[in-house]
Amino acid sequence: MNTSEPSASPSFDFASIEKKWQKKWGAEHLFEVDAQEGKPKYFVNFPYPYINSYLHLGHAFSATRVDVMARYKRAQGFNVLFPQGWHCTGTPVWAAAQRLREKEPKQTAIMKSLGFSDDEIEKFSDVEHWIDTFVPAAQEDFSRIGASVDWRRSFITTSLNPPYDRFIAWQFRKLKEKGYLVKGKHPVVWCPKDQMPVGDHDRLEGEGETPQEFSLLKFAFGDDFLIAATLRPETVFGQTNFWVNPDVQYMRIKVKNERWIVSYECAQKLLEQDWQIEFLDPVPGSELVGKYCKAPLINREIIILPASFVDPRFGTGLVTSVPSDAPYDYIALLDLQKDTETLKLYGLDSKVISAIHPIPIIESKTYGDLPALRIIEQLKIKNQQDPRLEQATQTIYKEGFYSGKLKAACGTYAGMSVVLAKDKMKVDMAAAGLLEPFYELSGKVTCRCLTPCAVKVVSDQWFLNYGDKTWKDLVKKCLSKMNLYPELVRQQFNYVVDWLNAWACTHHHGTGTKLPWDEHWVIESLSDSTIYMAYYTIAHLIKDYPVEKIDDSFFDYIFFGKGTGDAEMQRMRKEFLYWYPFDVRSSAKDLIQNHLSFCLFNHVAIFPEEHWPKGFSVNGWLLVGGEKMSKSKGNFFTIRDMLEKYPADALRAGLMFGGEGLDDPNFDFTNAETVQQKLEQWYSFVQDYYHPSSDEKELNRSDKIFVSAIHRYLKEGTEAMELMNFRSGFDRLFFQMQRVLKEYLKRGEPNQAVVNYFIECQIPLLSPFCPHLAEELWEKIGKKGFVSFASWPASDPSKIDLKLEETEKVVDKTVSDVMNVLKLVKEKSGKEGQTIYLYVMPQELSFFDAAVMTRRVGKEVKVFAVNDKNKHDPEGKAAKAKPGKPGIFIS
RNA sequence: GCGGGGAUGCCGGAGUGGUCAAACGGGCUUGGCUUAGGACCAAGUGGCUUAGUGCUUGCGCAGGUUCGAAUCCUGUUCCCCGCACCA
């Protein structure tokens, strides 16, 4: 092997370069930063990941965005803080550990797929083992992709970290003091045996099912009320009759001062839902048939009829009939009208029954004004036992709810959209005492103890009252002053802030911090992660502070400057004041409607205005190969998987080049591979071309074009970086830069000083994206210190010469014309052209260089001004010359 | 339905009133180099035409404004995300 030629070994070992520099950064504590008087700071962060597994490529995307920003700002001269903590609060890990304790096969299989041995899996039945495993793994992954994190400030959440635990307790006491926490009723899925709420993970069946809000409607029936439950109170104007199951024994119960008739099962549910009731006597369903009751709101007497589809276990076991919009009701009516036997059995007058017709009440786009009829015809449903009725009901519900408008039959509500009318009618009927809320599960849920679950209304649930108007106004004020990247998410944020309502912020179980004044509650995970960015400012110091001395007055001092503090506390106060607020927090767009908005609400509630967040950056969801990452599609990748395939620098750049803005970025394998190749080429190029030289030759035309382009892309790229448009940034600062370099070299005879200058620019520009390679090259060209701290090259507007670059386009075009003509000559005459004569306008002579043209065309090129008397022009081609378009003659 | 974002070549995507057949990246075709592959270099990649510098088509669909529109306006179709108490 010839070692004297650097280009003889163009490929090199990315892995060892990465290790080398990660080690050096660590050894020099490069990214461990403290408050530094007089130096401007920049604080970036992103939501701490939940540590229930290895981090995936989506995390890498988010982390890289933040790291690129951190490195860019560092190059801009800022003292940059990029801390990283880990979120352990919540139920998933807690539940998974419990499942492993119970040796559940599904969870065990998941652990196996992550590569854990049976012995190891057993250890995961302890929550702490998850933390001990995945937190170091996550930190390792971050380090391996080159994230410039100050690891001293890393921490975990929950009571496992007492100082943090106390911080959250402090936060909640503050919120309570200020009246932002309210107590209220809240429906949960409940196991009557365990006397506990049942989360998704505790269910044998019914994952994803939630309490659904129904309305109980009251139908006056003598001195009693028949109660029907409905999801569609807006359809009351279409009521034609009432359904009862004649085979069911109903119960008369006392509720408040009223007597209700409902099924026995319903009465049980009412008890769970916090109603005070008293059982009176049974009422056989058959006795009700044929009688009349008064429908609420419309005050119409409607007949009570028998129907077999009525299920005592669902709702109240009584149903109001709206045949126009409810397929069940319509088909039951048809069934009954044909069923002379039943009519006879209950002594029902067939004339009366036949006279019952659906009343058109809602006009919907696709199903017209009698949707139930329409859909039953479409699906050819024959009777009330058909299972497709369920699907038909849902289809119509969705259609009617979203696109429906109330028709004239609906009295004062006519003309309103269903969306609006529904709420209005609920409010009106509730005010009239005709409607009560009721919850029913959206599907069957069975607890792991095999007990069927029901809805329980918890009466002492704590809420963060995000519906509060004055609180919202503060958030809007904060928002109006924030930098948002991209700016167009502002609309979305304003919308969300308006729409957010009271948020249940406590859970019965899971890991986390206990609600300090009501310790049977655990603070829920989205609620304990709203202002912790402030905790980063002191996280490294508080670790060494005596836990017992950390109380509310401690935090009051650190964050508000209230009271006095010892030397350590003063230092923490200083750190907080220096770093806070954060400058930008970056996240995927799905967190807009919860986490990011909560972050603002809690900041404005707790902190004075000078510590309100300054910026959010929002990005799309990372796609891999154009598709959502998913295990079932086989395109789910952890960071560690990817680092096996690609060098960290290629991975980072590939991710950043995948996309920007709100669109979903796409990580494409070919992109990462391309980047890797280009980086390798760049590495050899620098080795081959960088030669320190004191030779200051005057810049020629070609040099000036090159320098102009450098400064132009530098300007464009820097602007993109400021807006966190890293795709554009990488494009301008690397791909375009490399392109103009290539063009420059093509023009021949590069000026060593200019090439050196280019290399000295390109390396720091590459550094935010590909920090390892950049460090290596920085060292290779003999620069002192780390490129991580090198200054960002400044664009010099005086060097940008657009006119000059424009003239080069003319030359390019001419070259391509010449090539074209050469080709045609060969095709037509079979002869190779030997010499090319160019006739250009005199003023253009200065940028047509015969040597350059000869080099680029590969044949001898002679250049003349059109008016040159000595020109060689046998065919008068010179006459064709125009500004920007030389005449061409080939011999 | 509401709120938000979109629709440009074979693909990912630039481009927001003229100089844009359309950056950059990928793919593909041809040629060079090479034992071969990869890499690299060169040319090509809507249609037509041509010893060139030309014409034409086109930016979801339909209209409109303008001397001129992918870009502005109106209508319309389709796609994606969210609509919650779950991290």
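In what follows, every heavy atom counts, from backbone to side chain, and hydrogens, waters and symmetry copies are set aside. Every chain is numbered from 1 and lettered A, B, ... according to where its sequence line falls, protein lines coming before strand lines.
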Taking atom [atom1] in both [N] and [M], what distance in whole Å separates the two?
{"N": "U30(B)", "M": "G38(B)", "atom1": "P", "value": "13 Å"}
{"N": "C73(B)", "M": "C80(B)", "atom1": "P", "value": "25 Å"}
{"N": "A62(B)", "M": "A51(B)", "atom1": "P", "value": "37 Å"}
{"N": "C10(B)", "M": "G68(B)", "atom1": "C1'", "value": "32 Å"}
{"N": "G37(B)", "M": "A43(B)", "atom1": "C1'", "value": "23 Å"}
{"N": "A69(B)", "M": "C79(B)", "atom1": "P", "value": "30 Å"}
{"N": "A22(B)", "M": "A70(B)", "atom1": "P", "value": "14 Å"}
{"N": "G60(B)", "M": "G12(B)", "atom1": "P", "value": "14 Å"}

State which of [options] makes the closest approach to the side chain of [X].
{"X": "Gln681(A)", "options": "A14(B), A39(B), C86(B)", "answer": "A39(B)"}
{"X": "Gln736(A)", "options": "A23(B), A87(B), C85(B)", "answer": "A23(B)"}
{"X": "His87(A)", "options": "A87(B), G3(B), A84(B)", "answer": "A87(B)"}
{"X": "Arg727(A)", "options": "A87(B), C2(B), G12(B)", "answer": "G12(B)"}

Contact class for [X] vs. all strands (heavy atom < 4.0 Å): base, sugar-phosphate, or nothing?
{"X": "Ile592(A)", "answer": "nothing"}
{"X": "Gly658(A)", "answer": "nothing"}
{"X": "Asn52(A)", "answer": "nothing"}

OP1 or OP2 of [N] versus the side-chain N and O atoms of [X]: is any pair under 4.0 Å?
{"X": "Gln492(A)", "N": "G3(B)", "answer": "no"}
{"X": "Thr89(A)", "N": "A87(B)", "answer": "no"}
{"X": "Gln491(A)", "N": "G3(B)", "answer": "no"}
{"X": "His507(A)", "N": "A87(B)", "answer": "yes"}

Practice item. Measure from the ring center of Tyr466(A) to the ring center of Phe598(A) and say whether it is less than 6.0 Å. Key: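 Yes.
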
May I have the distance from [X] (atom [atom1]) to [N] (atom [atom2]), rounded to whole angstrom?
{"X": "Leu596(A)", "N": "C86(B)", "atom1": "CG", "atom2": "P", "value": "19 Å"}
{"X": "Glu660(A)", "N": "G12(B)", "atom1": "CD", "atom2": "C1'", "value": "13 Å"}
{"X": "Gln676(A)", "N": "C40(B)", "atom1": "CD", "atom2": "P", "value": "12 Å"}
{"X": "Leu591(A)", "N": "A87(B)", "atom1": "CG", "atom2": "P", "value": "13 Å"}
{"X": "Phe734(A)", "N": "C24(B)", "atom1": "CZ", "atom2": "P", "value": "15 Å"}
{"X": "Phe730(A)", "N": "A14(B)", "atom1": "CZ", "atom2": "C1'", "value": "16 Å"}
{"X": "Glu716(A)", "N": "A23(B)", "atom1": "CD", "atom2": "P", "value": "15 Å"}
{"X": "His595(A)", "N": "G82(B)", "atom1": "NE2", "atom2": "P", "value": "18 Å"}

**Study point:** Flag for Trp682(A)-Gln762(A): side-chain donor and acceptor within less than 3.5 Å
**Key:**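 Looking only at side-chain atoms, Trp682(A) and Gln762(A) do not form any donor-acceptor pair under 3.5 Å.
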
Return the nucleotide paired to [N]: Watson-Crick means purine N1 to pyrimidine N3 with N6-O4 or O6-N4, wobble means G-U with N1-O2 and O6-N3, both under 3.5 Å.
{"N": "G1(B)", "value": "C83(B)"}
{"N": "A7(B)", "value": "U77(B)"}
{"N": "A21(B)", "value": "none"}
{"N": "A14(B)", "value": "none"}
{"N": "A42(B)", "value": "U30(B)"}

Review point. Would one find more than 12 heavy atoms of other residues, nucleotides or ligands at under 6.0 Å from atom NZ of Lys715(A)?
Key: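 Check fails, neighbour count at 12 or below.
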
Review point. Just wondering, are more than 12 heavy atoms of other shown residues or ligands nearer than 6.0 Å to OH in Tyr646(A)?
Key: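 More than 12 within 6.0 Å, yes.
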
Exercise for review: Any chance you could measure Thr89(A), atom OG1, to Ile51(A), atom CD1, to the nearest 0.5 Å?
Suggested key: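 Result: 9.5 Å between the selected atoms.
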
Anything under 3.5 Å between a protein N or O and an N or O of nucleotides 25-28 of chain B, put it in a table, one pair a line.
{"unit_1": "G25(B)", "atom_1": "O2'", "unit_2": "Asn671(A)", "atom_2": "OD1", "d": "3.3"}

Practice item. List in chain and number order the residues that pass side chain to side chain donor-acceptor pair (under 3.5 Å) with Tyr485(A), two or more places apart in sequence or in another chain; answer none if no residue qualifies. Key: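 Expected list: none.
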
Exercise for review: On RNA chain B, check which nucleotide each of Tyr713(A) and Tyr495(A) is closest to and give me the residue with the more 5' one.
Suggested key: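 Its nearest nucleotide being more 5', the pick is Tyr495(A).
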
**Study point:** Closest-nucleotide ordering on RNA chain B, the 5'-leading residue of Val489(A) and Asp590(A)
**Key:**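 The residue mapped nearer the 5' terminus is Val489(A).
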
Review point. Would you call the rings of Tyr689(A) and Phe685(A) parallel, tilted or perpendicular if under 30° counts as parallel and over 60° as perpendicular?
Key: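 Rings of Tyr689(A) and Phe685(A): parallel, as their planes differ by under 30°.
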
Practice item. Take the angle between the ring planes of Tyr48(A) and Tyr532(A) and call it parallel below 30°, perpendicular above 60°, tilted in between. Key: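 Aromatic pair Tyr48(A)/Tyr532(A) classed parallel.
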
Practice item. Write down the atom of His507(A), the atom of Trp521(A), and the distance for their closest heavy-atom approach. Key: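 Looking at all heavy atoms of both residues, the shortest contact is O-CE3, 3.4 Å.
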
Point to revise | Cys88(A) to Thr511(A) - nearest heavy-atom pair and separation | key: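 Cys88(A) and Thr511(A) have their closest heavy atoms at O-OG1, 2.7 Å.
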
